[in-house]
S.K.: 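Below: one structure in structure tokens.
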Amino acid sequence: MSTFFQQQVAQFSREGFVIARNLASRELCERMNVLAQRHLAAEIGPLEYEAQVKYPGAPASLDAPGGRTVRRLLQACARDPLFREWATSPHLAGPLRQLLGPRVELSQAHHNCVMTKNPAFSSATGWHQDIRYWSFQMPELVSVWLALGPEHEENGCLWLVPGSHRMEFRREQYDDDRFFRADLDENREILQAKAAAELDEGDVLFFHCRLLHAAGQNRAAFTKFAAVFTYHDAGNRPLAGTRSASLPEIALPA
Ligand SMILES: O=C(O)CCC(=O)C(=O)O
């Protein structure tokens, strides 16, 4: 069973994220990598394509050059027991209990995927908070991002604004798709504090659902893979009738 040191819990509370280095073994990452590459090559669904996210740099349609470039292997927990075992493992359950509360559940409706970032046709993700399309009683969820290989600026790692999970923003600070507008002076000032979340294989980023984050395109030679899952305390229910309540939660072992 892993647990965070008190200073890591304090960092999460203050900055909205914490990175646990080498939390997953090399062997486990390699098994997940091989599996993800096999599912990607065989286009095993459910999938999300770059063309569907429509982010800057994405192919214009599924029929355009690179249109069938996969962005996410969805429904990771149902896809293969290997992903579910990792996502519900004591390596994550211990730290998540410290961050969220005693009864941690995995949401199958959010993230629950392997993110793939292809060098030839990847898009950039604008500044946003994941909670924008999620519906829970409280905005208290944590996502867990496992790097299955190196993640650096060159291949499109995440960028974070430390402490932004505690900030309040006005509706006008977001665009129509609820991305945080990087063209406004007041937002630009906030974004100046951005920091790259550089990871190596086996490193795990825990981040709050209100944390502002973004990511660049993959300009390296190889596809980048990361397994990403989202959690909440059992007392924080998804709102009935919303996408957040569309799939059953998976309780993590006590
Ligand atoms: O790797 C990326 O492009 C970022 C993905 C992301 O921020 C998200 O899915 O919320």
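In each ligand, atom 1 is the first atom listed, and ligand 1 is the first ligand listed. Basis for what follows: all heavy atoms, side chains included, without hydrogens, waters or symmetry-related copies.
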S.K.: What atoms of ligand 1 come closer than 4.0 angstrom to any heavy atom of Met115?
M.R.: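 Atoms satisfying the 4.0 Å criterion: 9 (O).
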S.K.: Out of Arg72, Lys117, His213, whose heavy atom sits nearest atom 5 (C) of ligand 1?
M.R.: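 Nearest option to atom 5 (C) of ligand 1, by heavy atoms: Arg72.
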S.K.: Looking at ligand 1, does Trp145 have a heavy atom less than 4.0 Å from it?
M.R.: yes
S.K.: Suppose clustering is done on Ile, Leu, Val, Met, Phe, Trp and Tyr with side-chain heavy atoms closer than 4.5 Å. Which residues sit in the same group as Leu239?
M.R.: none
S.K.: In ligand 1, which numbered atoms sit nearer than 4.0 Å to a non-hydrogen atom of Asp130?
M.R.: 10 (O)
S.K.: Report yes or no: is the cationic atom of Arg71 (NZ for Lys, CZ for Arg) closer than 6.0 Å to the six-membered ring centre of Phe121, at no more than 45° off its axis?
M.R.: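 No.
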S.K.: Any salt bridge linking Glu154 with Arg219? Criterion: basic side-chain nitrogen under 4.0 Å from a carboxylate oxygen.
M.R.: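 No.
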S.K.: Pair Glu140, His208 - check side-chain hydrogen bond (donor to acceptor under 3.5 Å, both in side chains), show working.
M.R.: CA-CA 7 Å; Glu140 292 300 333; His208 194 281; 3.1 Å; yes
S.K.: Would one find an N or O of His128, backbone or side chain, under 3.5 Å from an N or O of ligand 1?
M.R.: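 Right, the criterion is met.
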S.K.: Would you say the side-chain atoms of Ser25 pair up with the backbone N or O of Leu28, donor to acceptor, closer than 3.5 Å?
M.R.: yes
S.K.: Under a 4.0 angstrom heavy-atom cut-off, which atoms of ligand 1 come close to Arg71?
M.R.: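 Checking each atom against Arg71, I get 2 (C), 3 (O).
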S.K.: Between Leu158, Val53, Leu211, which one has a non-hydrogen atom sitting closest to atom 4 (C) of ligand 1?
M.R.: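 Result: the heavy atom closest to atom 4 (C) of ligand 1 is in Leu158.
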S.K.: Step through it carefully: locate the ring centre of Phe4, locate the ring centre of Phe206, and say whether they are under 6.0 Å apart.
M.R.: yes
S.K.: Scan Val204, Val228, Leu106 and name whichever one has a side chain to side chain contact (heavy atoms under 4.5 Å, CB included) with Val144.
M.R.: Val204
S.K.: Report, in ascending order of atom number, the atoms of ligand 1 lying under 4.0 Å from any heavy atom of Ala215.
M.R.: 1 (O), 2 (C), 3 (O), 4 (C)
S.K.: Which atoms of ligand 1 sit under 4.0 Å from any heavy atom of His111?
M.R.: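 Heavy-atom distances to His111 below 4.0 Å select 8 (C), 9 (O), 10 (O).
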